[in-house]
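Heads up, the thing below is written out as structure tokens.
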Amino acid sequence: MSLEPHHDGSPLHVGSATTAPGERRQLRLRVPDRWGSPSRVWVRSVQDAEPRYDEALRLATGVESDGWQWWAASMQVVNPVARYRFLLEVPGRDDVGNTYWTLNAQGLFPRDTSDYHDFRLTTAGPAPAWSRGSVMYQVFPDRFARSVAAAGRPIPDWAVPCDWDTPVQGVGPDASKQFYGGDLAGVRERLDHLVNLGVGILYLTPFFPARSNHRYDASTFEHVDPLLGGDAALSELVDAAHARGLKVMGDLTANHTGDGHEWFRRAQADPDSPEADYYYFNDDHTGYESWWDVPSLPKLNWASEGLREAFVTGEDSVVAHWLKPPFNLDGWRIDVGNMTGRLGAQDLNREVARLIRDRIRQVNPEALLLAEETSDAGPDFDGFGWQGAMTYSNFTRPVWQWLVDDAARVDFFGTPLERPNRIDAAGLLATHRDLASAFSWPVRNTTMNALNTHDTARAASVMIAGGPVVAATLAFTLPGIPVMFAGDEFGLRGTSGEFSRTPMPWGDPAGVVTDLQAAYAALAALRRTSSALRDGALRWLVADGDVLAFVRESPQESLLVVTLRAPVRDLSADTLCLGEQERRAMAGAPPVFATGGHFTDEPIVDLAGPGAYIWRLPGVGVS
């Protein structure tokens, strides 16, 4: 890569205030002197589906910084989500005419491009401020920790009881029935572990009664599973987490219930019951729609006004009940959010997302709403419904592909491939840009960056040795919420989602595959304290083979992030396209995070890899 004109929709380029419909908003563009000097620049916005052009002005010489020139244009925000790009005119040389460049969220192009990849400025209200700078830790309750009280609880008839060291069965009829007996009191007793890792958000997979260990087949939404300790255990856990400064998010299935759910049982037994239209039954009421044709997971029909009231709008609805005292959850992650409200020609997804968002804001304006979408999440995440995505397309998948071990044999997100197909750093960047381009900056900043989750293989089973720390560095330093799945800090392994749900190795040194606690804690501390990582812009520097480097920039500070999948012996300031101020700041200065390497006054010569390195640089001055 080389230095190119830059804009990313971050506060550095559009300001930090919430955009109001109808206002004019100043947009800034940075152009490096080494790239060239445009004769004219325009911002092209799409207003009511019609392109408009506003000419930019080059800002005064006094705000030029370290080899950059700044341009600014004013754009009117007509629609709830305003789309825009930049058009740059560069004077021709000799007999060559002027050239024209398009800059959008995917990059710089010497041609016209689809509106889909334009930058987006949203008038949606922002996600809660606490989501920025926070680290999320995902807990699968059955496998996290078991309190003393758990031993006295009866084993349900659906379960296959297991000792804590019983191997997990990732396939077969017992995969969802193995019962290890982890409970919420066990989670509460281990909260200090999360604090020591620098975690800010505890995300619990479902805690409702069910007939499986994963509990996505809820039999009621009215109380906490007694096997987890019941309602009191949840309120005690949330109180203890809040006392430590942690937020707690729950997991809710808005797409389906279990076939043992009280709603479904009444609906199936009586076609005239109030709950009958909560689901999709056939004409003679003998069959019904279910998630992926799994009969134990009947699909909810969001055309039902009764369902909407029971689930969302009612005073004590499912969505509202758990956000109120005595539980006081800080938000929801919605399971299979992409399928919610969708069946064939019916598509109520955006309507349902906004309905849930509005209700959450009524109960607690500071609560967060995330939703799962495993493929391209861009079209469903405009910020007015789901505030951020739990998705794998723009981060997890390409990071796996870059760091994959050729000997790995894992479930690659349901594809027919036996492992991720290997790509280079340029392929990672192209994929990431492509699948993040449809996010506005606020949505991007609230989207989950997960190395793995309870539904995927573990990064340690996918990646080359040392790869998980490199991937974690990307998760913690790119825009978004970094996510740890319980056990990542111990290097736990698993070739699929079921195999990855391994009990935590508390008090068992032999169960710790690779101790990564110090690395995670250091990255979390940097994430928590850095304005550049919390709100800063993102500018890519190098994406070449084994090297991926970028800088996060804010007025207060910038951070240079260099990640490698193999050793690099000649990485220099020139290769990284660093300016003079940045070179002086790095000369002789050690990185604030490093996994190895040799540093000189060049400032960089020899870096061990796979590895990750972060340097602190001067902030970006702009008027």
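The shown structure was predicted, so the numbers you read here are calculated from the model rather than taken from an experiment.
Phe381 CZ to Thr446 OG1: the interatomic distance, rounded to the nearest 0.5 Å, is 11.0 Å. Atoms OH and OG1, on Tyr392 and Thr456 in that order, are 5.5 Å from each other to the nearest 0.5 Å. Here OG1 of Thr473 is found 10.0 Å from OH of Tyr613. Values are rounded to the nearest 0.5 Å.
In summary, of the residues considered (Asp546, Leu548, Thr595, Val547), a side chain to side chain contact (heavy atoms under 4.5 Å, CB included) with Leu564 occurs for Val547 alone. Of the residues Arg85, Gln106, Arg83, the one that meets the side chain to side chain donor-acceptor pair (under 3.5 Å) test with Asp118 is Arg85.
Using modelled atom types, one side-chain atom of Arg552 and one backbone atom of Gly536 make a donor-acceptor pair closer than 3.5 Å. In this structure a side-chain-to-backbone donor-acceptor pair under 3.5 Å is present from Asp488 to Phe485. Using a distance-only test at 3.5 Å, with no hydrogens or angles considered, no donor-acceptor pair links the side chain of Asp455 to the main chain of Gly497.
Here Phe119 and His6 keep their ring centres 6.0 angstrom or further from each other. You'll find the ring centres of Trp441 and His13 outside the 6.0 Å limit. In this structure, His454 has its ring center at least 6.0 angstrom away from the ring center of Tyr203. A ring-centre distance under 6.0 Å is not found for Trp400 and Phe395.
When only modelled atom types and interatomic distance are considered, Asp515 and Gln517 share a side-chain donor-acceptor pair under 3.5 Å. When only modelled atom types and interatomic distance are considered, Ser530 and Glu557 share a side-chain donor-acceptor pair under 3.5 Å. Side chain to side chain, Ser10 and Asp8 meet the donor-acceptor criterion of an N or O pair below 3.5 Å. Donor-acceptor pairing under 3.5 Å is lacking for the side chains of Thr123 and Thr19. No donor-acceptor contact under 3.5 angstrom links the side chains of Glu489 and Tyr520, judged on distance only.
The shortest heavy-atom contact between Ala475 and Asn449 is O-ND2, 3.2 Å.
Applying the side-chain hydrogen bond (donor to acceptor under 3.5 Å, both in side chains) test to Thr391 and every residue at least two apart in sequence or in another chain returns Ser393.
Taking 4.5 Å as the limit, every side-chain heavy atom of Gln401 sits out of range of all side-chain heavy atoms of Val399.
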